[in-house]
There are 2 protein chains.
Amino acid sequence: MVEEQDEKILGELQKDGRATNQQLAETVGMSTSACWRRVRALEESGVISGYAALVAREQAGFATSAILHVSLERHDVKFVDEFVASVLKRREVLECFATTGDADYHLRVVVRDMDAYNRFLDDFMFRIPGIRHVRTNVILKEIKTGVALPF
Amino acid sequence: MVEEQDEKILGELQKDGRATNQQLAETVGMSTSACWRRVRALEESGVISGYAALVAREQAGFATSAILHVSLERHDVKFVDEFVASVLKRREVLECFATTGDADYHLRVVVRDMDAYNRFLDDFMFRIPGIRHVRTNVILKEIKTGVALPF
DNA sequence: TCCATTTTGGTAAATTCTACCAAAAAGGCG
DNA sequence: CGCCTTTTTGGTAGAATTTACCAAAATGGA
């Protein structure tokens, strides 16, 4: 479904989401119209789900971030659904994955400072019903924060 | 340094990195020229570090992903630097964070299938010197993968 | 080989970007 | 407060880009 030329396009647009169609067409080696149509198709089929500006966390005033390991007390749909719905609502939670291993979920949370993180735990996380355990791993350093799939 | 109007702009560009300057100017309520200049300043100061197309992982053919907990044997600069340099090289590693807690590092790795993940471990991860322990948590479900800071 | 379908490259009008201008706003100082 | 300097603003016009269309080329089934 996604062929080689499409992967080239995706690779480039992951690196520069605002590349003009002309630049793009040249670097992937096709005409501007063919390239434009492919990009459009990738957007409409949902392979490209969107475009985003990447903002430097620290510079933008978000000094604190952490990875949370969360396990649920019980795994009824009721509790799971409520947990998922809660997590989707909170914008501090940038990522949430259901995983194998000791924890049921891995979350990455970004906030302005430790105080805000404390509030996040007290006012939000600890109030979600059915949570057995939450372990906080504070992020000391971001080695890498990428969004580009390794085509 | 980043003021309220800038945060509005950043918020919008995080949601739609390809919004035209005119749309943007209208939604944040300023003239196109003022808006354009602010965006430019945010780019040049590095607050906006770039733009990216967001690609749907599964649709693009990356079926498997995992979160790795990695601890190092020793924490000499020598080993740490080599680990960091190695990780930065591998495009399968989308994210890497140095954290508090049992593990020294949290990594998120994305590959096409389990086979590729196996190769990633054998050919790469297990060959990095100074690694004490690697625990794999396979991602069963992506609840949320966001890039937008919660302004 | 032939026909139907898809994909291509080129073009032109509509839109958008970008660099300028003078005017307005903000800030410092006696 | 009044004056000056500096910064930020809105408007505009030319350059660049996007987007929809065309006929031609390529693809692929029967």
Side-chain angles (χ1 to χ4, degrees), chain A residues 1-63 112 146-151, chain B residues 1-63 112 146-151:
Chain A
M1 192 118 275
V2 175
E3 23 211 298
E4 195 187 320
Q5 266 178 326
D6 289 326
E7 293 199 347
K8 274 196 199 171
I9 291 177
L10 293 171
E12 283 304 310
L13 283 179
Q14 283 187 142
K15 285 197 290 185
D16 180 5
R18 282 201 95 136
T20 66
N21 186 55
Q22 307 192 337
Q23 294 175 266
L24 193 58
E26 190 179 1
T27 57
V28 306
M30 29 162 120
S31 72
T32 56
S33 32
C35 182
W36 184 77
R37 249 175 285 109
R38 287 195 108 95
V39 171
R40 198 168 185 281
L42 289 167
E43 289 168 356
E44 290 186 345
S45 68
V47 175
I48 295 177
S49 63
Y51 297 89
L54 305 175
V55 178
R57 183 180 55 77
E58 290 251 27
Q59 278 196 69
F62 293 87
R112 295 199 175 271
V147 293
L149 300 175
F151 287 110
Chain B
M1 191 120 276
V2 174
E3 25 211 294
E4 195 187 319
Q5 266 178 324
D6 290 325
E7 294 200 347
K8 273 196 198 171
I9 290 176
L10 293 171
E12 283 304 310
L13 284 179
Q14 284 187 141
K15 284 196 290 187
D16 180 5
R18 282 200 96 135
T20 67
N21 186 55
Q22 307 191 336
Q23 294 174 268
L24 193 59
E26 191 180 359
T27 58
V28 305
M30 29 160 111
S31 73
T32 57
S33 34
C35 182
W36 184 77
R37 247 177 283 109
R38 288 196 108 96
V39 171
R40 197 169 185 280
L42 289 167
E43 289 169 355
E44 291 187 344
S45 68
V47 175
I48 294 177
S49 62
Y51 296 88
L54 305 176
V55 178
R57 184 181 52 77
E58 291 251 27
Q59 279 195 67
F62 294 87
R112 294 198 176 271
V147 293
L149 300 175
F151 286 110

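Order of the sequence lines sets the chain letters (A, B, ...), proteins ahead of strands, with each chain counted from 1. Because the structure is predicted, anything quoted here is derived from the model rather than measured.
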So, A/R40 and A/E43, do they make that salt bridge, N to O below 4.0 Å?
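A/E43 and A/R40: not salt-bridged.
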For the pair B/E7 and A/R112, find out whether any cationic side-chain nitrogen is under 4.0 Å from an anionic carboxylate oxygen.
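Looking at A/R112 together with B/E7, the answer is yes, because their closest N to O distance falls below 4.0 Å.
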Which atom of B/V39 lies closest to which atom of B/I48, heavy atoms considered:
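Minimum heavy-atom separation between B/V39 and B/I48: O-CD1, 4.5 Å.
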Return the value, rounded to whole Å, for the distance between atom [atom1] of [X] and atom [atom2] of [N].
| X | N | atom1 | atom2 | answer |
| --- | --- | --- | --- | --- |
| A/D6 | C/dT6 | CG | P | 17 Å |
| A/E26 | D/dA16 | CD | P | 15 Å |
| A/D16 | D/dT17 | CG | C1' | 15 Å |
| A/I9 | C/dT7 | CD1 | P | 13 Å |

Take nucleotides 8-24 of chain C nucleotide by nucleotide from the 5' end and write B, S or -, depending on whether a protein heavy atom sits under 4.0 Å from the base, only from the sugar-phosphate, or from neither.
BBB-----SSSS-----
Has A/E4 got more than 12 heavy atoms of other residues, nucleotides or ligands less than 6.0 Å from its CD?
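Counting neighbours around CD of A/E4, 12 or fewer heavy atoms of other residues, nucleotides or ligands fall under 6.0 Å, so no.
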Between the axis at one end of the helix from C/dT1-D/dA30 to C/dG30-D/dC1 and the axis at the other (five pairs apiece), what's the angle to 10 degrees?
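That helix gives 40° between its end axes.
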Just so I know, are the side chains of B/L149 and A/R57 near enough to count as touching, which here means a heavy-atom distance under 4.5 Å?
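B/L149 vs A/R57: side chains touch.
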pair B/D6-B/V47: side-chain heavy atoms closer than 4.5 Å:
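Result no, sub-4.5 Å side-chain heavy-atom pair not found.
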Could you give the distance from CZ (A/R37) to CE (A/M30), rounded to the nearest 0.5 Å?
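So the gap between those two atoms works out to 9.5 Å.
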If I take atom CD from residue B/Q14 and atom CG from residue A/L54, how far apart are they, to the nearest 0.5 angstrom?
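Those atoms lie 8.5 Å apart.
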